[in-house]
Amino acid sequence: MSTTHPTTAAPTATAAPAPPRALNLSRTTATAARVLRQLRHDPRTIALMVLIPCVMLLLLRYVFDGSARVFDTIGASLLGIFPLITMFLVTSIATLRERTSGTLERLLAMPLGKGDLIAGYALAFGALAIVQSVLATGLAVWFLGLDVTGSPWLLLLVALLDALLGTALGLFVSAFAASEFQAVQFMPAVIFPQLLLCGLFTPRPNMHPVLEAISDALPMSYAVDGMNEVLRHTDMTAAFVRDVLIVAGCALLVLTLGAATLKRRTP
Amino acid sequence: MMNYSSRPPEEPAVHAQDLTVVRGPRTVLRSLDFTVPRGRITGLLGPSGCGKSTLMRAVVGTQAKVTGTLEVLGSPAGHPTLRTRIGYVTQAPSVYDDLTVRQNLHYFAAILDPGRAAADRRHENVTRAIADVDLTTHADALAGTLSGGQRSRVSLAVALLGTPELLVLDEPTVGLDPVLRRDLWQLFHTIAAERGATLLVSSHVMDEAERCHRLLLMRAGEILADGTPDALRTRTGTGTVEDAFLHLVDEATAAGRTQETAKETTR
């Protein structure tokens, strides 16, 4: 009948019959639709998200006008990095706004599963990432002469997984940001080291052994490796499958960690 | 006025015993005992910072570090089955500024009552809730473009969506003009009378106390008095609830034993 709550932040009775803890498809899609609807009221953000990668690729193509091989490597890597960075930024700010506006507290006081919320965000930003990646990949392959040996569909697959990883990291990191200023600063803190060590600037085996070991532990390295596998090989190599699985696994792991930062009871 | 409705008086909507809440280093609520009767409007009154919001968050189940007994609608506070049965409005409006009023309500309705089969019912609920708070003419305006009072009414409409049995409203009439305040109080009385709902409404404006069936007067994390407005005035020999409150504060200070005095006053 009555309960004495322990002095922890955890809710005492979560394993009860009523609202299902697992994913509820309707609530997940309602959340995804809501996130997309919010974005639709903000066309400038959509335009920036979709156009900036294209403009950067265009710029890069003519920066390396004389050396097409360099454009191939860097261009393919960037196709994997853009979705990660964009989704990281968008998700961390969106989740932070959800926390500070009180809507998160309201949602968690309602029968919404944490999984529904996270899957809803992942679905909405995943859809956006597809649009972004299709445009960027299409532009790079068909108009800028990016020389891809493998299938452009595999490039798209990696880009999508990278977007998911970005969403996951953004969600996780937003739990530690108390303001938009902090959230934006997490981008250099979390993304830049990965950017430096992922093999974009120099092949990873050429780095100092310590840095190479660190880069082996960072998920973006595998995103870039995966892209380069598609660039050089006609079919799916074992290395490609491994890279894809690692990126997907990291994304799921961080999403789970992110879910753990959503608390129904707060101090 | 004090006749209990059809429900048995022995089962209150909220029953608290030895309820204590700690936030950081501070004990915000000290060993409170109180009940909130069903089907009535209970006013929670006291100066800013006395613990009203914390008490409400504890009832809704979003407050961490709650000890003691707190039973809401027959279950421990925060129990998952309660999430569809309680409507909660925070002090700051918690709605999405970049969605229209209708889009906001449709999203929260989809969380409370998901699935395609419920679409018609949701539509009715949304239309009714918008009408309840008198925002029909603004239904398609972005929440962010509305005035402060209008936004808090959107927030209130969300809480009215699922025909909740218990409505917890944290200062719902702050910043509203007198006409709107009167209309909202009429709405609260209609909800209590016609839908049999229980309302727990906080305010730091004492003149709103007269509109409640029952009052809990709070000060510095303790309950000073508990009773009908009439009983409080008679007991203290004062003309208004405000005077009664001041009288009780003086009395408590004089006695130096606030908690004991509160119980004496009401019994």
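Just so we're on the same page: letters track the sequence lines, and every chain starts at 1.
- For the atom pair CZ of Arg27(A) and CD1 of Ile111(B), the computed distance is 6.5 Å after rounding to the nearest 0.5 Å.
- With a threshold of 4.5 angstrom between heavy atoms, Thr31(A) approaches chain B through its backbone and through its side chain.
- Remark: the backbone N or O of Thr62(B) is not paired with any side-chain donor or acceptor of Arg265(A) at under 3.5 angstrom.
- The main-chain N or O of Thr266(A) is found under 3.5 Å from a side-chain atom of Arg57(B) such that the two form a donor-acceptor pair.
- Within 6.0 Å of CZ on Arg128(B) lie more than 12 heavy atoms contributed by other residues, nucleotides or ligands.
- Contact of Ala92(B) with chain A is not made at all, since no heavy-atom distance falls under 4.5 Å.
- Atom CG of Leu107(A) is separated from atom OH of Tyr107(B) by 4.5 Å, given to the nearest 0.5 angstrom.
- To the nearest 0.5 Å, atom CZ of residue Phe108(B) and atom OG1 of residue Thr103(A) are 6.0 Å apart.
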Compile the donor-acceptor pairs under 3.5 Å between side chains in residues 182-194 of chain A and protein atoms, sequence neighbours left out, one pair per line.
residue: Gln182(A); atom: OE1; partner: Ala178(A); partner atom: N; Å: 2.8
residue: Gln194(A); atom: OE1; partner: Met220(A); partner atom: N; Å: 3.1
residue: Gln194(A); atom: NE2; partner: Val190(A); partner atom: O; Å: 3.3

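- Top candidate by heavy-atom pairs under 4.5 Å with chain A, chosen from Gly87(B), Gly61(B), Gly115(B), is Gly61(B).
- Between the side chain of Arg106(A) and the backbone N or O of Ser155(B) there is at least one donor-acceptor pair closer than 3.5 Å.
- Chain A forms more heavy-atom pairs under 4.5 Å with one residue of Gln17(B), Arg116(B), Arg23(B), Gln103(B) than with any other, namely Gln103(B).
- Of all heavy-atom pairs between Ala30(A) and Ala110(B), the closest is CB-CB, 3.7 Å.
- When side chains are defined from C-beta on, Leu161(B) does not count as touching Met110(A), because their heavy atoms never get closer than 4.5 Å.
- Contacts between Val89(B) and chain A at a heavy-atom distance below 4.5 Å involve backbone atoms as well as side-chain atoms.
- Within a 6.0 Å sphere centred on CZ of Arg99(A), other residues, nucleotides and ligands contribute more than 12 heavy atoms.
- A cation-pi contact, defined as under 6.0 Å to the ring centre and within 45° of the axis, links Arg34(A) to Tyr96(B).
- Listed here is the closest heavy atom pair of Pro114(B) and Ser26(A): CB-CB, 3.7 Å.
- When heavy atoms are compared at a cutoff of 4.5 Å, Leu108(A) approaches chain B solely by way of its backbone atoms N, CA, C and O.
- Neither the backbone nor the side chain of Ile86(B) comes within contact range of chain A; no heavy atoms are under 4.5 Å apart.
- Across all their heavy atoms, His41(A) and Asp98(B) have their closest contact at CD2-O, 2.9 Å.
- The parts of Gln63(B) that come within reach of chain A are both its backbone and its side chain, each placing non-hydrogen atoms under 4.5 angstrom from that chain.
- Remark: Asp140(B) CG is packed, more than 12 non-hydrogen atoms of other residues, nucleotides or ligands lying under 6.0 Å away.
- Heavy atoms closer than 4.5 Å to chain A are found in the side chain of Val60(B), but not in its backbone.
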*Derivation and outcome, side chain to side chain contact (heavy atoms under 4.5 Å, CB included), residues Arg37(A) and His106(B)*: CA-CA 12 Å; Arg37(A) 217 163 267 146; His106(B) 265 292; 5.5 Å; no
